[in-house]
Each structure stands twice: as structure tokens, then as C-alpha cells.
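Proteins come first, then strands; the chains are lettered A, B, ... in the order of their sequence lines, and each starts at number 1.
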Amino acid sequence: MSRLNAANLDLAQEIIGRYPVARSATIPLLHLSQEQNGYVTRDAMQQIAELVDCTAAEVYGTASFYEMFKFEPIGKFCVNICRSISCHLVGGDELVEHAEHVLGIKPGGTTADGLFTLEAVECMAACTEAPTLQVNYRHRFRVTHEDFDRLIDDLRAGRLDGEIPPHGTLARERQHIPADRAAGNVSPDTPITPAWMEAAQ
Amino acid sequence: MTTYPWAAGYVAGDRPQIVTARFQYEDSHTLERYLATGGYQGLRAALAKPAASVHDDVKGATVLGRGGAGFPAGTKWGLTPAGKFPRYLVVNGDESEPGTYKDRLLMECDPHQLIEGCLIACYAAGLSQCFLYIRGEMAVAHERVGRALNEAYAAGYVGKNILGTKFSVDIALHWGAGAYVVGEETALIESLEGKRGEPRLKPPYFPAAIGLYGQPTIVNNVETLANLPWLLRNGVEAYTAIGTQTSPGTRMVAVSGHVKRPGVFEIINGTTTFRDLLYGEEFCGGIRNGNDLKAFVPGGGSAPWFTPEQLDLPFEGRLVGAAGSMLGSGAIMVMDSTTDIPKAALSLTRFYAHESCGQCTPCREGGTWLERILSRICDGHGTTSDLDLLIEVGTSICPGDFPHASSTKLGLEATPFPYKMTTICFVGPSAYAPVHSALTLFREEFEAKIVKRTSIPVTVGH
């Protein structure tokens with residue numbers, strides 16, 4: 001059940017096919033399994049290990065290094081509020097406190113209805129637009145406490161479902177390399193001078 | 001001065017635009033708009049001449065790396081061992097240095113410009129495959145770059161026999177998953193190999209010798225590559241006509257914090273000063289509420305701090321380095337007279353302590369110690385010996401004199417950049433930089449928090 005379904009397994013093979021060494025697909029496949037299940041399951045890590053030819057422990061070693069991977073279910077909306085310096089200087093900490101109050105949870109917690117997980121996170125590259133937050137990795141800028149309340153209302157009422165997919169779905173558009181246009185992987189084991197460099201020599 | 005709702009933060013002005021010219025269009029991310037505004041002409045110009053000649057253009061234009069170190073891209077490409085193939089290109093789109101906001105804009109607003117830059121780099125340096133590593137938390141950038149790649153493949157700009165030539169290269173879009181340290185180029189490579197993002201031991205100092213899968217690898221920042229289409233389309237002379245001889249062209253900078261109008265600007269490299277940026281009407285228009293400027297971080301959270309005494313320095317790496325800091329990733333954070341300096345230092349130090357990968361003891365333990373000591377000082381539980389302890393812990397990460405700015409007020413001479421370090425990468429030293437700057441320039445603010453603590457009467461046990 002928590003292994004990749006047939007459609008995602010096809011997608012996984014396509015992703016692996018973009019790398020000369022299969023293990024490079026580890027992080028993209030962890031994202032894919034998180035997209036399917038909302039979090040990364042043990043079965044999924046076992047399956048990814050088989051797909052990229054390493055051990056499940058190695059997959060877990062990688063997955064646990066990165067903050068975006070969750071190992072248990074979290075809320076439908078992951079609300080990440082920045083507390084790094086640019087946001088700190090203009091009210092980021094107060095915004096975190098406000099969010100704790102509104103949602104009734106501390107950072108790391110999930111609301112009882114399973115809708116929201118709150119996280120206090122580090123810099124998310126929107127420093128001139130501080131204080132800033134992300135919902136499922138989509139930005140909101142110069143967020144006032146009123147903006148925050150409205151955002152939570154809108155999310156609860158489903159008014160932003162078209163813009164913000166549920167947690168786990170990172171991007172709704174994927175890269176697809178058409179077979180007839182692909183240059184093909186270049187393996188580290190094939191020491192061939194590229195054709196356009198040969199022509200120059 | 002113009003802003004666009006679809007390019008949040010970006011402020012256009014009456015200045016040359018090398019990488020942000022298309023931001024004025026709401027559909028700047030589409031192939032249609034890109035082609036209508038000179039898109040892929042730089043690639044055509046490159047393919048019309050030998051690869052070595054394109055490499056010479058990039059060397060001749062002294063395109064400096066925009067990621068942090070400021071190393072010239074053309075020189076970096078030249079560090080690959082002669083005749084050793086395959087070579088790879090890894091694009092560093094892992095923008096996450098505190099204060100830094102430019103690469104995400106470039107990826108969201110002009111993804112084709114980045115793709116064209118990748119193609120030019122691959123052609124010039126003989127790189128056989130390209131991996132475009134985008135920070136995980138940037139969902140919109142993933143969508144925009146993914147769509148742009150699909151368009152570019154379909155139109156024959158990427159893939160097999162590009163534009164009917166012998167030049168063939170695939171570009172794979174790769175998603176990160178949240179780890180600041182992955183912005184370090186050898187950690188980026190580890191991550192791309194499917195491993196934990198831990199920086200590699202040096203030497204070799206450059207992945208150009210041994211990189212992805214053990215092969216020669218060029219790692220270039222998004223903004224660096226975004227410069228290449230314009231350079232190839234307009235030529236070296238046009239490029240070097242902007243900026244100075246040692247810092248040609250433009251640079252994207254983000255100014256955040258206590259200014260009237262924070263924003264992202266494409267500025268003329270080498271000549272624009274910090275005073276222009278903070279106070280100029282075409283830029284931030286001064287400090288908020290008419291307050292005085294207390295300090296500013298000139299080059300991302302890792303950079304030692306400056307005070308109003310350094311405002312007239314231009315955006316020139318050599319001069320800023322001699323003055324005790326670095327230009328880094330083009331991120332300026334401004335603190336006005338109301339700023340609680342120890343708390344600001346804590347915010348920065350906590351970031352690096354949190355982002356330590358844990359490989360090197362001085363960073364893993366030292367960063368956490370710095371954070372804890374600062375925390376208790378800010379909470380009013382610090383002791384006088386804590387200030388010495390901060391320096392002691394910091395010195396175990398960075399032995400010797402740590403770089404800092406000069407201060408006439410304090411009678412201090414500048415100690416130039418860089419620092420010495422006991423760690424594999426810069427994350428550990430970066431945890432110490434804000435502590436050292438804050439303590440050196442504003443020691444009295446720490447002492448004030450401690451004096452309060454020692455004035456509390458202590459009851460001695462029975």
C-alpha cells in the first residue's frame with residue numbers, strides 16, 4: 001500500500017533514467033513517495049533502495065538528512081514560518097507566536113483535525129519580503145497577523161486548493177524528456193571526448 | 001523605480017539590465033516571450049564559433065561567480081584536467097544563505113535564460129551532461145524550470161543535436177530536500193549522488209578535478225550562468241563596459257531589514273556603494289522611520305558586519321575583503337538603532353548551528369555552544385565569563401584573528417578577510433562570524449544584559 005503504485009513506479013523509472021548512476025534518483029524518488037503517501041514510509045524506502053541499487057539503511061540515511069522528508073503523517077498544509085535574521089528583524093518571531101496562538105499548537109505540532117502542521121524554519125529566500133511564510137513550499141510575503149488569520153480561514157474553507165496542493169505534492173509540473181530528443185546519459189565510465197569538442201580539435 | 005507583482009521584491013530602475021530585463025513581462029517565463037526578446041540568440045552565437053572561443057569570451061569578460069566566493073567562472077572551467085571526459089555541469093540553485101534572494105527570482109521569472117546559460121557553459125567547457133539542482137523548498141521554481149525545459153526540448157534547444165549541430169546535452173532537473181549545507185559545492189555533489197549532503201574533504205579543492213561520480217565537474221551558481229546569454233549575444237566589450245575592470249557587469253543584490261523600501265536590485269558591479277543602496281532614492285531610500293543605522297551585514301549571514309563607517313565602500317570584492325568582510329551572495333541585512341544586537345547575533349548563529357551537517361566537531365559542538373551561550377545571555381542568565389567563553393569556542397572553530405571591520409569610535413584597525421578554520425567547510429566559521437562581529441563592535445550591549453543578571457541578589461544555601 002505504501003509502496004509506489006503502478007503509475008508512480010513508471011514515473012520512478014523515468015526519473016531514474018535521467019541519471020547515469022541510479023542512486024542519484026534517491027531524493028527525487030523520496031519526494032515521489034512523499035507525494036503519494038504524504039510522508040515517507042519504511043516500505044517506500046525499501047522499494048527505493050531496490051530501485052536505485054543500495055540498501056534501505058542508506059536510503060534512510062539520506063532521507064533523514066533532509067528536513068523536507070517526514071516519517072509520519074503530518075497536516076494537509078505544512079505552514080512554515082521563517083525565523084532567520086531578515087524576518088527576525090521585522091516581526092518573524094512574533095508571527096510564529098501569533099500562529100501558535102491561532103492554531104493552538106507549537107512548532108512541530110499538528111492540529112487535531114489534521115489540517116495544519118506548524119514549523120518555525122530558517123531562511124526561505126524571500127528576505128526583502130519579510131516576514132514571510134510558506135504553505136506547502138509556496139510563499140506568502142510581508143505577512144501581517146491579519147493576513148495570517150485570513151490565510152488560515154481560506155485554507156480551512158478550501159478556497160486555495162487550486163493554488164496549493166496537499167503536502168507531499170511539491171510541483172504539479174514535471175520534466176519529461178521526449179525519447180526522440182534525448183541526448184542520453186553520459187556514464188562516468190565512458191571516457192569519450194564530446195563530439196563538438198572533437199570537431200574543434 | 002518600478003515593481004511588478006509577479007516578481008515580488010524586484011525593483012527596476014534606470015540602470016543596465018543583464019539578467020533582469022525580462023522581469024517586466026508577466027509571461028517572462030514562457031518560451032514565446034523568451035524568443036520574442038532575444039532568447040537563445042546567445043546560444044546561436046556560441047554554436048557559430050569553436051568551443052574554445054566561447055570559453056575565451058567568458059574568461060575575457062571576467063564573469064565572477066555570484067554564489068559567494070566570487071571566483072571567475074572562466075578560470076573555474078579551465079581547472080578541468082585536459083582531455084579528461086566526461087565532464088559534468090551541476091547548477092547550484094540551492095539558494096539559502098540568510099538574506100539572499102535573487103536566484104529564486106531568476107529561476108521563477110526567467111527559466112529559459114538559465115537553461116540557455118547552462119547550454120553555453122556545457123558547449124564552452126565540454127560538459128556532457130547537466131544537472132540543475134534546485135532547492136527543495138522552491139515549488140514554483142520547480143514548476144517553472146520544469147515547464148521551460150519541456151518547452152526547450154520540444155523546440156530543439158536542449159537534447160540531441162541542438163539546433164542541428166553536433167552539440168548534444170541533456171539537462172536534468174533535480175529537486176533538493178532542505179539542507180543549507182548543500183549549497184557548498186562538494187556537498188551539492190554528494191547530495192546529487194543520492195547521499196547525505198556532507199561536504200567532501202579537501203584537497204582536491206575544486207570539483208573541476210574530481211567531482212560528480214569522480215569525474216571533472218563544474219558547479220556554477222544560477223546568477224553566474226544567467227549572465228552568459230547576454231554576454232554571448234552582446235559580446236565581451238559590451239559586458240566589460242559595465243562595472244569596473246575587476247568587477248565587470250552587474251550584480252543582483254537583496255537589501256532586507258530596517259530600510260524604508262527593502263528590495264532586490266540589479267546594480268552596476270564594482271562602483272555602487274553601500275550608501276547608494278541603503279540611502280539612495282532609486283534603491284532603499286534610507287533607514288525606516290528616519291532611524292539611525294546601527295550595523296549592516298554586507299554579504300549574507302556568513303559575513304562579518306559593517307557599521308556606518310563602511311558605508312562608502314563600493315561593491316568590489318577586493319576592497320570589502322580588505323575592510324574585513326565579504327560580498328558573498330549579494331545579501332545586505334540592515335539593522336537600525338532599535339536593534340537588539342545580541343538577539344540579532346543569536347538569530348544568525350542559531351541558523352548555522354541548526355544547519356551544521358555534524359561532520360566536524362568544532363562546528364557541530366561549537367555552533368551549538370555558541371547558540372546556547374548566546375541564548376542564556378539574551379534570556380538574562382549570562383555571566384561575565386560567558387563573553388570570554390564565546391571567544392574561546394569561536395577560536396576553536398577559527399584560530400587566530402577573525403576578520404572584522406575598522407572602527408574609529410573603538411580605535412580598531414580592520415582585520416582583512418578571510419579567516420583560518422578547523423572545519424571542512426564554512427558553516428562552522430559562519431556560526432562564529434555574527435558572534436565575533438557583535439561582540440567586537442557592540443560589547444556593551446552584551447554587558448548590559450549580564451549586569452542585569454548579576455544585580456539579582458543571590459541567597460547562599462544554609
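Heavy-atom distances place no part of Ala152(B) under 4.5 Å from chain A, backbone and side chain included. Both the backbone and the side chain of Ala182(A) come within contact range of chain B, each with at least one heavy atom under 4.5 Å from a heavy atom of that chain. Residue contact with chain A, scored on non-hydrogen atoms closer than 4.5 Å, is absent for Lys102(B). In this structure, chain A has a heavy atom under 4.5 Å from the side chain of Leu149(B), while its backbone stays farther away. Proximity to chain A (any heavy atom under 4.5 Å) is shown, for Ala155(B), by neither the backbone nor the side chain. Both the backbone and the side chain of Tyr123(B) come within less than 4.5 Å of a heavy atom of chain A. For Ser187(A), the part lying under 4.5 angstrom from a heavy atom of chain B is the backbone only. Of the atoms belonging to Glu137(B), heavy atoms from both backbone and side chain fall under 4.5 Å from chain A. Only the side chain of Arg135(B) comes within contact range of chain A, judged by heavy atoms closer than 4.5 Å. Only the side chain of Pro178(A) comes within contact range of chain B, with heavy atoms under 4.5 Å apart. Proximity to chain A (any heavy atom under 4.5 Å) is restricted, for Arg104(B), to the side chain, taken from C-beta onward. If you measure heavy-atom distances from Ser128(B) to chain A, the contacts under 4.5 Å come from both the backbone and the side chain. Residue contact with chain A, scored on non-hydrogen atoms closer than 4.5 Å, is absent for Leu47(B). With a 4.5 angstrom heavy-atom cutoff, Asp180(A) touches chain B only via backbone atoms. Heavy atoms of Glu129(A) lying under 4.5 Å from chain B belong exclusively to its side chain. For Cys122(B), the part lying under 4.5 angstrom from a heavy atom of chain A is the backbone only. Proximity to chain A (any heavy atom under 4.5 Å) is restricted, for Val255(B), to the backbone atoms N, CA, C and O. Looking at Ile85(A), both its backbone and its side chain come within 4.5 Å of chain B, counting heavy atoms on both sides. In this structure, chain A has no heavy atom under 4.5 Å from any part of Leu105(B).
Here the closest non-hydrogen pair linking Ala177(B) and Phe69(A) is CB-CE1, 3.3 Å. Met197(A) approaches Ala51(B) most closely through the heavy-atom pair SD-CB, 3.7 Å. Heavy-atom minimum distance, Pro262(B) versus Arg142(A): O-NH2, 3.6 Å.
Scanning for side-chain hydrogen bond (donor to acceptor under 3.5 Å, both in side chains) contacts around Glu94(A) gives an empty result, with sequence neighbours left out. Here Lys260(B) pairs with nothing under the side-chain hydrogen bond (donor to acceptor under 3.5 Å, both in side chains) rule; sequence neighbours left out. In terms of the side-chain hydrogen bond (donor to acceptor under 3.5 Å, both in side chains) criterion, residue partners of Arg288(B) (sequence neighbours excluded) are, by chain and number, His258(B), Asp336(B), Thr338(B).
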Could you give me the CA-CA distance, side-chain angles and deciding distance for Glu143(B) and Arg138(A), then say whether side-chain contact (heavy atoms from CB on, under 4.5 Å) is met? CA-CA 11 Å; Glu143(B) 290 179 349; Arg138(A) 282 147 210 277; 2.9 Å; yes
If you apply the rule side-chain contact (heavy atoms from CB on, under 4.5 Å), what do you find for Thr128(A) with Phe265(B), and how did you get there? CA-CA 11 Å; Thr128(A) 65; Phe265(B) 311 93; over 6 Å; no
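Heavy atoms from other residues, nucleotides or ligands lying under 6.0 Å from CG of Asp153(A) number more than 12. Remark: Lys343(B) NZ is loosely packed, at most 12 non-hydrogen atoms of other residues, nucleotides or ligands lying under 6.0 Å away. Counted within 6.0 Å of CZ on Arg42(A), heavy atoms from surrounding residues, nucleotides or ligands total 12 or fewer; the atom is thus considered open. Remark: Lys84(B) NZ is packed, more than 12 non-hydrogen atoms of other residues, nucleotides or ligands lying under 6.0 Å away.
To the nearest 0.5 Å, atoms CD (Glu198(A)) and CZ (Phe85(B)) are separated by 9.0 Å. Considering CZ of Arg87(B) and OG1 of Thr193(A), their distance stands at 8.5 Å, rounded to 0.5 Å. To the nearest 0.5 angstrom, Arg147(B) atom CZ is 8.5 Å from Arg172(A) atom CZ. Separation of atoms OH (Tyr101(B)) and SG (Cys127(A)) is listed at 9.5 Å; rounding is to 0.5 Å. Residue Tyr66(A) holds its OH atom at 3.0 Å from OG of Ser191(B), rounded to the nearest 0.5 Å. Here the NE2-CG distance, from His176(A) to Leu173(B), works out to 11.0 Å after rounding to the nearest 0.5 Å.
Counting heavy-atom pairs under 4.5 Å between each of Arg261(B), His142(B), Glu190(B), Met138(B) and chain A puts His142(B) at the top. Listed options Glu67(A), Gln134(A), Glu122(A) were ranked by heavy-atom pairs under 4.5 angstrom with chain B; first place goes to Glu122(A). For the options Ser64(A), Cys54(A), Cys82(A), Pro28(A), heavy-atom pairs under 4.5 Å to chain B are most numerous at Pro28(A). Comparing Val182(B), Val145(B), Val158(B), Leu346(B) by how many heavy-atom pairs each has under 4.5 Å with chain A, the most go to Val158(B). Listed options Ala344(B), Gly197(B), Pro434(B), Ala254(B) were ranked by heavy-atom pairs under 4.5 angstrom with chain A; first place goes to Gly197(B). Among Gly214(B), Ser256(B), Ser53(B), the residue making the largest number of heavy-atom pairs under 4.5 Å with chain A is Ser256(B). Highest contact tally toward chain A, considering only Cys357(B), Pro86(B), Gly136(B), Gly9(B), is held by Pro86(B) [criterion: heavy-atom pairs under 4.5 Å]. Listed options Gly99(B), Gly146(B), Ala141(B) were ranked by heavy-atom pairs under 4.5 angstrom with chain A; first place goes to Gly99(B).
By the 4.5 Å heavy-atom criterion applied to side chains, Ile177(A) and Tyr153(B) are counted as neighbours. Looking at heavy atoms from C-beta onward, Val186(A) lies out of side-chain contact with Tyr213(B) at the 4.5 angstrom threshold. Within the 4.5 Å cutoff, no side-chain heavy atoms of His88(A) are placed close to those of Arg350(B). Within the 4.5 Å cutoff, the side chain of Pro194(A) has no heavy atoms near those of the Phe167(B) side chain.
Ser168(B) contributes no side-chain N or O that, together with a main-chain N or O of Ala183(A), makes up a donor-acceptor pair within less than 3.5 Å. Counting only distance, with no hydrogens or angles, the side chain of Asn150(B) and the backbone of Arg174(A) share a donor-acceptor pair below 3.5 Å. A distance-only check finds no donor-acceptor pair linking the side chain of Gln129(B) to the backbone of Asn185(A) [under 3.5 Å]. Checking side-chain atoms of Arg83(A) against main-chain N and O of Ser347(B) turns up no donor-acceptor pair under 3.5 Å.
Residues from residues 14-27 of chain A that place a non-hydrogen atom less than 4.5 Å from a non-hydrogen atom of chain B comprise Arg18(A), Tyr19(A), Pro20(A), Val21(A), Arg23(A), Ser24(A), Thr26(A), Ile27(A), given in numerical order.
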